[in-house]
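Bear in mind that the values here come from a model prediction, so they are computed numbers and not experimental data.
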Amino acid sequence: MATVTTPRRAPGGAGVMPDTPGWARWANDHRKWLFAAPAMAFVAALIVIPLGWTAWLSLTDAEGSVRAESEFVGFQNYLDVLSDTDRFWPAVGRTAGFTLVALLFEVVLGMAIALLLWRPFKGQKWVRVAILMPLVATPVAVGMMWRLIFDPNIGLANQVLGWVGIGPQPWLAGQHSALPTTIFIDVWQWTPMVVLILLAGLSSLSEEPQEAARIDGASTWQRFRHVTLPLLMPTVIVAILLRGIDALKTFDILYATKGRGGGSFHEVETLNVYAYGLSFDYNEYGVSSTVLILFFLIIIGSMWALTARRKEAKR
């Protein structure tokens with residue numbers, strides 16, 4: 001009676017014959033990395049090369065043109081920028097204030113709207129579509145639209161205030177009201193993004209803890225505070241991470257509403273607007289690269305802090 005011999009497989013069930021060459025075995029063991037390597041190398045090149053070039057420019061006195069001859073000045077640009085109390089540090093303060101206030105309102109409003117949309121009700125799909133409408137338009141178009149609405153002379157906002165007996169407000173034209181107004185515009189456009197993230201997290205939660213708390217007599221606030229929020233915290237951290245980093249880098253809305261320099265008194269000049277002005281208005285590429293590198297370090301530090309907070313929330 002003939003016997004059938006089953007080919008032996010390599011340890012681990014990888015399906016490689018024992019007489020397979022060594023390089024083929026190695027490729028099979030690391031195939032998931034080999035398939036992803038071209039894409040990873042391409043993305044790395046897109047990040048490393050511009051970042052390296054910017055870091056080099058920050059160590060030179062490049063101005064006028066990036067192709068013009070420049071001298072190596074070491075960390076002098078960093079010393080000059082870090083000692084600039086007229087433009088740099090106020091821009092850091094506006095960037096932090098814009099990000100924190102906008103993020104606070106977006107997370108709170110996003111949580112409230114997500115909770116309202118969590119339970120099914122009649123017309124829920126249409127309400128979701130309406131809430132997501134601000135995400136459809138580009139930030140520049142949104143900025144131009146609200147610039148017309150907040151126009152101190154012909155804007156709809158002051159007309160509505162006039163109907164209820166309130167005088168016209170400067171809105172974007174005011175030195176102290178411009179930044180809060182741009183924060184409002186950012187909140188209007190990007191709160192739906194937070195709603196989407198939190199609603200996805202709420203939809204994935206189990207109903208059992210809610211039912212148990214309800215049977216124990218917990219109120220709606222108690223169920224939210226002690227059951228829903230702790231379970232949802234990893235998703236909240238993700239929303240804060242994604243939206244916070246994006247808010248830090250906000251440029252288009254600010255530039256579309258206030259133009260170069262963030263206004264006549266630099267009232268909405270964040271680090272992005274400041275670096276843009278140094279590059280394209282004054283052609284000071286060495287100094288602008290320094291600002292961008294410092295801004296990059298701020299973003300990396302923020303990402304690290306939020307990621308560490310997310311790991312703690314998962315424990």
Side-chain angles (χ1 to χ4, degrees), residues 54 57-58 62-64 77-78 80-106 134 137-155 157-158 168-191 243-299 301-302:
T54 304
L57 286 178
S58 70
E63 59 180 355
N77 287 335
Y78 290 88
D80 293 341
V81 168
L82 292 175
S83 61
D84 180 10
T85 58
D86 294 330
R87 298 285 294 275
F88 177 75
W89 286 111
V92 172
R94 294 187 200 98
T95 303
F98 180 95
T99 301
L100 293 176
V101 176
L103 189 59
L104 174 63
F105 278 97
E106 289 167 6
T138 61
V140 173
V142 169
M144 296 303 297
M145 177 190 72
W146 282 104
R147 183 176 180 178
L148 292 175
I149 293 174
F150 286 128
D151 187 277
N153 299 315
I154 62 173
N158 279 338
Q169 303 297 317
W171 302 114
L172 289 168
Q175 183 176 353
H176 301 291
S177 61
L179 188 60
T181 304
T182 55
I183 291 174
F184 167 81
I185 297 173
D186 189 83
V187 171
W188 178 86
Q189 181 172 27
W190 294 110
T191 297
R243 185 64 206 121
I245 299 304
D246 200 33
L248 269 175
K249 302 182 297 180
T250 299
F251 171 80
D252 29 27
I253 287 179
L254 301 177
Y255 199 83
T257 53
K258 295 297 294 181
R260 65 169 58 184
S264 302
F265 299 97
H266 312 297
E267 53 265 31
V268 300
E269 185 181 63
T270 60
L271 285 174
N272 255 343
V273 178
Y274 179 44
Y276 179 89
L278 288 172
S279 297
F280 297 100
D281 294 337
Y282 303 104
N283 297 329
E284 297 182 5
Y285 298 108
V287 180
S288 66
S289 298
T290 302
V291 174
L292 289 174
I293 291 296
L294 292 173
F295 190 26
F296 175 76
L297 294 177
I298 292 174
I299 294 175
S302 302

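In Phe251, the CZ atom is crowded: over 12 heavy atoms of neighbouring residues, nucleotides or ligands sit closer than 6.0 Å.
Panel note: side chain Glu267, backbone Phe265; a donor-acceptor pair is recorded below 3.5 Å. Arg94 places no side-chain N or O within 3.5 Å of a backbone atom of Leu271 that could act as its donor or acceptor partner. In terms of modelled atom types and a separation under 3.5 Å, the side chain of Ser83 and the main chain of Asp80 share a donor-acceptor contact.
The shortest side-chain heavy-atom distance between Asp186 and Arg243 falls under the 4.5 Å cut-off. Put simply, the side chain of Phe105 does not reach to within 4.5 Å of the side chain of Thr191, judged on heavy atoms. With a 4.5 Å cut-off on side-chain heavy atoms, Val140 and Tyr255 do not count as touching. Between Thr250 and Asn272 the shortest side-chain heavy-atom distance does not fall below 4.5 Å. Counting heavy atoms from C-beta on, the side chains of Leu103 and Leu100 never come closer than 4.5 Å.
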Q) Can you list the steps and then say if Val273 with Glu269 is a side chain to side chain contact (heavy atoms under 4.5 Å, CB included)? A) CA-CA 5 Å; Val273 178; Glu269 185 181 63; 4.2 Å; yes

Q: Please assess Phe88 against Val92 for the test side chain to side chain contact (heavy atoms under 4.5 Å, CB included), listing each intermediate value before the final yes or no.
A: CA-CA 6 Å; Phe88 177 75; Val92 172; 3.8 Å; yes

**Q.** side chain to side chain contact (heavy atoms under 4.5 Å, CB included) evaluation trace for Phe295 with Thr95
**A.** CA-CA 10 Å; Phe295 190 26; Thr95 303; 4.2 Å; yes

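Atoms CZ and NE2, from Arg260 and His266 in turn, are 11.5 Å apart once rounded to the nearest 0.5 Å. Summarising the geometry, atom CD1 belonging to Ile245 is positioned 11.0 Å from atom CD1 belonging to Ile298; distances are rounded to the nearest 0.5 Å. The OG1 atom of Thr181 sits 13.0 Å away from the CZ atom of Arg147 when rounded to the nearest 0.5 Å.
For Phe184, the ring pair (Phe, Tyr, Trp, His ring centres under 6.0 Å) partners two or more places apart in sequence, or in a different chain, are Trp146.
Under the 4.0 Å criterion applied to side-chain N and carboxylate O atoms, Asp84 and Arg87 are not assigned as salt-bridge partners.
Between Phe280 and Tyr276, the ring-plane angle classifies as tilted under the 30° and 60° cut-offs.
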List the atom pairs, with distances to 0.1 Å, where a side-chain N or O of residues 170-179 and a protein N or O form a donor-acceptor pair under 3.5 Å, not counting sequence neighbours.
| from | atom 1 | to | atom 2 | distance (Å) |
| --- | --- | --- | --- | --- |
| Trp171 | NE1 | Asn158 | OD1 | 2.9 |
| Ser177 | OG | Trp171 | O | 2.5 |

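In the model, Thr290 has no side-chain atom that pairs as donor or acceptor with a side-chain atom of Ser58 under 3.5 Å.
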